[in-house]
Amino acid sequence: MFDSLNQIFTYHFMVNAFRAGTIVAIAAGIIGWFMVLRRQSFGGHTLAVVAFPGAAAATLLGVSATFGFFAFSISAALIIAIASKRGGQPGAALSEESAVIGTVQAFALAAGFLFVSLYHGALNGVNSLLFGSFLGINDSQVVTLLIVGLISLAALAVMGRPLLFAATDPDVALARRVPVRMLSVAFLVLLGLAAAEVSQITGALLAFALLVLPPATAQLLTPNPVLSITLAVAIGLAVTWLSLIVAFYSPYPLGFFITTFAFAGYLLALIWRRSARRRYVAQ
Amino acid sequence: MPQTAQQPPALELLRAEARIGRRTIWSDANVRIGQGEFVAVLGPNGAGKSTLIKAALGLQPLSAGQIRVIGAAPGRANGQIGYLPQRRSFDASMRIRGVDVVRLGLDGHRWGVPLLGIFGGPRQRQAEARVAEVVELVGAGSYAERPIGELSGGEQQRLLIAQALAPRPQLLLLDEPLDSLDLTNQSSVAALIRQICRDEGVTVIMVAHDVNPILGYLDKVVYIAHGGIVAGKPRDIITSEMLTRLYGVPIEVLKAANGRLVVVGEPEAPAAHGNRHVR
C-alpha cells in the first residue's frame with residue numbers, strides 16, 4: 001500500500017497534482033463555507049463555469065490559460081455584483097439576482113463554445129476545461145494557485161467576522177456600520193478567485209464538487225462555525241487526495257471521482273443528521 | 001426611571017420631517033424621550049413607524065428639522081443602540097448556533113476573524129462571559145447551542161434580543177418584536193423587555209402593532225398617523241376618543257375586570273389613506 005503511494009510521488013506531475021489539489025481544497029473549503037452560508041451557491045457555480053470561456057479565450061489569444069481563468073471569473077463576479085441591485089446580499093431580491101446569474105452563465109457557456117470554434121486547430125483540451133484534468137499541472141501554475149489562494153485567504157481573514165454578520169443579519173450589521181454592500185462585492189470577487197482556482201482542477205462544470213459539497217456537508221454535521229470550517233477543509237482534502245490516488249490507478253477521469261466521493265460524503269452526512277434529529281425529537 | 005439633568009434625552013425630534021421619494025411620511029414632529037423610559041410607537045401600517053426607527057439609526061436622513069440620539073447626531077450613537085429590525089426569521093437551513101448570532105451583536109462589526117479567538121485570551125473570555133450572561137438573561141440557555149434556523153419564532157426572538165443587548169446598549173430600538181409570536185410568547189417577551197428596561201436602565205422604544213401586551217408597562221406613547229407624530233402619556237393617548245380619531249375607525253378602550261386597559265377594534269390594515277406600503 002505504502003509502496004504504491006510512494007510510487008505515485010515518483011512522478012512529478014502527480015506531486016504537482018497533489019500540491020495544486022491541496023491548495024485548491026483548502027481555499028475552496030473556507031470560501032465555499034461562507035458561500036453556502038450566504039446561499040450564493042448558484043453564483044459560485046456560475047463563476048466557475050465562466051472559467052471555461054476564460055481559458056478558451058486565453059488559448060485563442062495565445063496567453064496563459066491560468067490568466068484567462070482568473071480574468072473571466074473576476075469580471076463575471078463584478079458584473080453580477082453590479083447588475084444585481086443589492087450586490088448579492090443574501091435574501092435580497094433573490095429572483096432578480098438569479099436571473100442575472102443565469103444569464104451570465106448561459107452567455108459564458110455560449111461564448112466558450114464560440115472561442116473553441118474560432119480556434120481552428122483542434123482544441124483538444126475542451127474536455128479537460130469542462131471536466132478537469134490532473135495531468136500537466138506545471139510548477140508555475142502551482143505557484144500561481146498558491147499565491148492567489150493565500151491572497152484570498154488573507155482577505156477573508158480581515159473581513160471574516162463582519163462578513164458573517166452581514167450574511168446572517170444584514171439589517172443589524174448595516175445599523176452597526178458594517179459596509180454590507182462593499183463586503184458583498186468583495187466577497188463575490190473572492191468567490192470568483194476561488195471558483196477559478198477550483199476550475200483548474202475539477203474543470204469548469206464540476207467545480208461545484210469542491211466549492212459547495214464539502215462546506216455543505218460540514219454545515220450539516222455541526223452548527224459550530226470553527227468546527228464547521230475546519231471540517232469543510234478536511235472533507236475537501238480527503239476527497240481530493242483520495243480522488244487523485246484512485247484516478248492515478250484507474251482509466252477514468254478525476255472529475256468523476258471528486259464529484260462521486262464528495263457527493264457520497266454529503267449523502268452520509270444527510271442520513272446521519274436525519275437520524276440524529278429523529279433521536280432528538282424522540283427524547 | 002428618574003431623569004437627571006446631565007443626561008441627554010434618548011431620542012429628541014425637533015420639527016422633524018421624513019420623506020421617501022417625493023412622499024412626505026411625517027412632518028413637524030416634536031418628540032422627547034427621556035433615558036430609561038419604556039415607549040411604544042403606535043400607528044396604522046405605512047404611517048412611518050419603521051421610518052422613525054431608521055431615522056434614529058441614521059439610515060433614513062431627515063428632509064427637515066433635527067433628530068438627536070443620546071445627545072448625538074443620528075448614526076453616531078449606533079454603538080450604544082441595540083436594534084431589532086422588523087420581522088426577521090432565520091431560514092431553516094441557517095446552520096449557525098444561537099450563541100454565534102448573539103456573539104455577532106457584540107463584535108460582529110469588527111474586522112478580523114472570530115476563529116483566532118479559540119486560542120483564548122482575556123478579551124475572548126470576557127466576550128464569552130457576556131454572551132453567556134445575556135443568553136441567561138433572556139432565558140435562552142437551553143437552546144442557544146442549537147442551530148438558529150431550527151428554533152421557533154419565540155426562541156429566535158429571545159436570542160435576537162440577547163444579540164441586541166450584548167454590547168450593553170443604552171437604547172433599544174425594537175421594530176415589532178412581538179409580531180409573529182403566539183399569545184403566551186407575546187406576553188413573556190414583553191415582560192422580559194420591561195424587566196430589561198427596569199433592571200438595566202435601558203431606554204426601550206418599541207414599534208408595536210398590538211398595544212395590549214405592553215399596555216401596562218408604558219411610560220410614554222408615540223403615535224404616528226395622518227403625517228404627524230403625537231407623543232404623550234398613555235392615559236392621554238390610549239383613550240377611545242383619541243385612538244378613534246388617530247386611526248379613523250371606531251376603537252374602544254375598555255377596563256378589564258382586573259383593572260387593566262384593553263384596546264378593542266384595533267384595525268389590522270386601515271384603508272383611510274392610499275399608498276401605504278412604506279415601512
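Convention: sequence-line order gives letters A, B, ...; per-chain numbering from 1.
For a residue to count as touching a neighbouring chain, one of its non-hydrogen atoms must lie under 4.5 Å from one of that chain's; by this rule B:F90 touches chain A with the side chain only. For A:L183, the part sitting under 4.5 Å from any heavy atom of chain B is the side chain, from C-beta outward, and nothing else. With a 4.5 angstrom heavy-atom cutoff, A:T230 does not touch chain B via any of its atoms. Using a 4.5 Å cut-off between heavy atoms, A:R176 contacts chain B through both its backbone and its side chain. Of the two parts of A:A173, neither the backbone nor the side chain holds a non-hydrogen atom closer than 4.5 Å to a non-hydrogen atom of chain B. Contacts between B:I96 and chain A at a heavy-atom distance below 4.5 Å involve backbone atoms as well as side-chain atoms. Heavy atoms closer than 4.5 Å to chain B are found nowhere in A:L163, neither backbone nor side chain. Both the backbone and the side chain of B:N78 have a heavy atom closer than 4.5 Å to some heavy atom of chain A.
Taking the side chain as every heavy atom from C-beta outward, B:L160 and A:D169 approach each other to under 4.5 Å. Proximity of B:R97 to A:P225: side-chain heavy atoms (C-beta onward) are separated by under 4.5 Å at one or more points. Between A:V172 and B:L104 there is no side-chain heavy-atom pair separated by less than 4.5 Å. By the 4.5 Å heavy-atom criterion applied to side chains, A:L37 and B:M94 are counted as neighbours.
Taking chain A as the reference chain and counting heavy-atom pairs below 4.5 Å, the highest number among B:G75, B:G82, B:A164, B:G149 is found for B:G75. The candidate with the highest count of non-hydrogen atom pairs below 4.5 Å against chain B, out of A:V178, A:V36, A:V158, is A:V158.
Judged as a salt bridge (Lys or Arg N to Asp or Glu O under 4.0 Å), the pairs with a partner in residues 147-156 of chain B (not counting sequence neighbours) are, in order, A:R273-B:E150, A:R277-B:E150, B:R95-B:E150, B:R146-B:E150.
Checking side-chain atoms of A:R161 against main-chain N and O of B:W111 turns up a donor-acceptor pair under 3.5 Å.
Rounded to the nearest 0.5 Å, atoms CG (A:D171) and CG (B:L84) are 10.5 Å apart.
Judged as a ring-ring contact (aromatic ring centres under 6.0 Å, His included), and not counting sequence neighbours, the contacts of A:F208 are A:H45.
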